[in-house]
Amino acid sequence: MEFAPLPLEFYAKPSLQLAEQLVGKLLVKETEEGIAGGFIVETEAYVGPEDRAAHSYNNRRTPRTEVMFGPAGYIYTYQMHTHCLVNVVAAHVGEPQAVLIRAVEPCIGIELMRQRRGTVKGDRELTSGPGKLCKALGITMKDYGHCVIERPLWIGEGKKYERITAGPRIGIPNSGEARDYPWRFYVESSPYVSRR
DNA sequence: TGAACGATTTGT
DNA sequence: CAAATCGTTCAA
């Protein structure tokens, strides 16, 4: 895969807009084990201070959320239970917005992904969830703060998908009214989204 | 469908 | 120190 990251300016926009535009882009991670990547088929926008589901709700600023207060185009990883989740910072300095990558369609290094994921039923299980794709691509907490236009973790032009759908976000039952906002974007026809 | 898993952060 | 979490995998 030829190294051709999207320009940093691409990320300097509201997370709702960025979340929709990231669908179809190619997410790539290169490690000593090899290269792995996939087309993004599902994202969620986290809008920041006004969004009860966001870690940066009410401008909460801690070591963990710090990167979201910086410029767009940087990686915000965070761990829950035994899994790592990956976000891309959006908007501008001082606006703690981010986009969660929830699922990708495997494209590069599928054999490596199978290896890293272990026992899975089929290839559609490889990356159909935020924790799954991190493990498949080899994304870890070490990628926190990494700039997404540089190796080894970057995003490039991908392909066009038909029919991108918006719906409520997943896994945020305790976020009050924000629970139902249609801020999840996914490819309707893709078997690789986290929930069908 | 439900519980275990158990890293890390945050609030009491 | 206790509770909570943008999840995944097992067991029935």
Side-chain angles (χ1 to χ4, degrees), chain A residues 11 14-20 22-23 27 36 38 40-70 72 74-91 95-104 106 113-146 148 153 155 165-187 191-196:
Chain A
Y11 303 94
S15 59
L16 276 169
Q17 211 174 314
L18 181 62
E20 189 166 11
L22 273 176
V23 175
L27 177 65
I40 297 171
V41 295
E42 180 180 355
T43 63
E44 279 178 5
Y46 286 85
V47 177
E50 312 299 319
D51 180 2
R52 277 190 66 176
H55 293 154
S56 55
Y57 175 61
N58 224 344
N59 273 313
R60 184 169 51 173
R61 189 165 186 162
T62 65
R64 182 173 65 158
T65 63
E66 182 61 33
V67 69
M68 284 196 280
F69 287 83
Y74 285 77
I75 293 294
Y76 169 46
T77 49
Y78 114 90
Q79 191 159 353
M80 91 166 285
H81 298 283
T82 55
H83 302 278
C84 179
L85 282 63
V86 63
N87 300 251
V88 182
V89 176
E95 297 172 351
Q97 305 189 10
V99 174
L100 170 66
I101 313 292
R102 283 196 58 90
V104 305
M113 294 192 207
R114 291 196 189 106
Q115 219 172 297
R116 292 206 269 231
R117 290 277 290 124
T119 60
V120 289
K121 292 175 192 160
D123 284 357
R124 63 178 53 182
E125 299 293 319
L126 286 175
T127 56
S128 55
K132 295 178 186 175
L133 76 89
C134 280
K135 188 170 182 190
L137 297 188
I139 296 171
T140 70
M141 285 305 293
K142 290 192 168 185
D143 292 304
Y144 181 95
H146 172 75
V148 79
L153 177 57
I155 295 174
T165 309
R169 291 174 291 180
I170 287 175
I172 51 167
N174 297 328
S175 298
E177 70 285 351
R179 185 178 47 135
D180 303 315
Y181 296 166
W183 290 351
R184 170 183 179 232
F185 301 90
Y186 59 98
V187 178
Y192 299 99
V193 301
S194 63
R195 291 189 191 178
R196 302 255 42 207

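- When rounded to the nearest whole Å, the span between OH of A/Y76 and P of B/dT8 equals 14 Å.
- Annotation: of the two residues near DNA chain C, A/V120 and A/E44, the 5′-most nearest-nucleotide partner is A/E44.
- Distance noted for atom P between B/dT1 and C/dC6: 22 Å (whole Å).
- For the pair A/R195 CZ and B/dT1 P, the interatomic distance rounds to 12 Å; values are reported in whole Å.
- Helical stems involving DNA chain B, defined as 3 or more consecutive Watson-Crick or G-U pairs under 3.5 Å, span B:1-5 with C:7-11, B:7-11 with C:1-5.
- Looking only at side-chain heavy atoms (C-beta outward), A/E42 and A/V23 stay at 4.5 Å or farther from each other.
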Steps toward side-chain contact (heavy atoms from CB on, under 4.5 Å) verdict (A/Y78, A/H55):
CA-CA 10 Å; A/Y78 114 90; A/H55 293 154; 3.4 Å; yes

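- One atom, NE2 of A/H81, and another, C1' of B/dT9, lie 12 Å apart when rounded to the nearest Å.
- Looking at heavy-atom distances under 4.0 Å, A/R117 makes contact with sugar-phosphate atoms alone, never a base.
- Between chain A and DNA chain C, the heavy-atom contact criterion of under 4.0 Å yields a 5' to 3' nucleotide range of C/dT5 to C/dC10.
- Judged by closest nucleotide on DNA chain C, A/G171 is the one of A/T119 and A/G171 placed further toward the 5' end.
- Cation-pi geometry between A/R169 and A/Y46 is satisfied (NZ or CZ under 6.0 Å from the ring centre, within 45° of the ring normal).
- Note that the OH atom of A/Y192 and the NZ atom of A/K132 stand 12.5 Å from one another [nearest 0.5 Å].
- Under the 3.5 Å distance criterion, the side-chain polar atoms of A/N87 are left unmatched by any main-chain donor or acceptor of A/T77.
- At whole-Å resolution of the value, NE2 in A/H83 and C1' in B/dT9 are 17 Å apart.
- The OG1 atom of A/T43 lies 9.5 Å from the CZ atom of A/R184; values are rounded to the nearest 0.5 Å.
- Rounded to an integer number of Å, the gap from NZ of A/K132 to C1' of B/dC5 is 16 Å.
- Proximity of A/S194 to A/I170: side-chain heavy atoms (C-beta onward) are separated by under 4.5 Å at one or more points.
- Nucleic acid contact class of A/T43 (heavy atoms, under 4.0 Å, all strands): none.
- In this structure, A/Y74 has its ring center no closer than 6.0 Å to that of A/H146.
- In this structure, the side chains of A/R52 and A/R179 stay at 4.5 Å or more apart for every pair of heavy atoms.
- A/R64 comes within contact range of the sugar-phosphate backbone alone, with a heavy-atom separation under 4.0 Å but no base atom that close.
- Within 4.0 Å of A/L100, counting heavy atoms only, lies at least one base atom of the nucleic acid.
- Across all strands, A/N87 comes closer than 4.0 Å to base atoms (heavy-atom distances).
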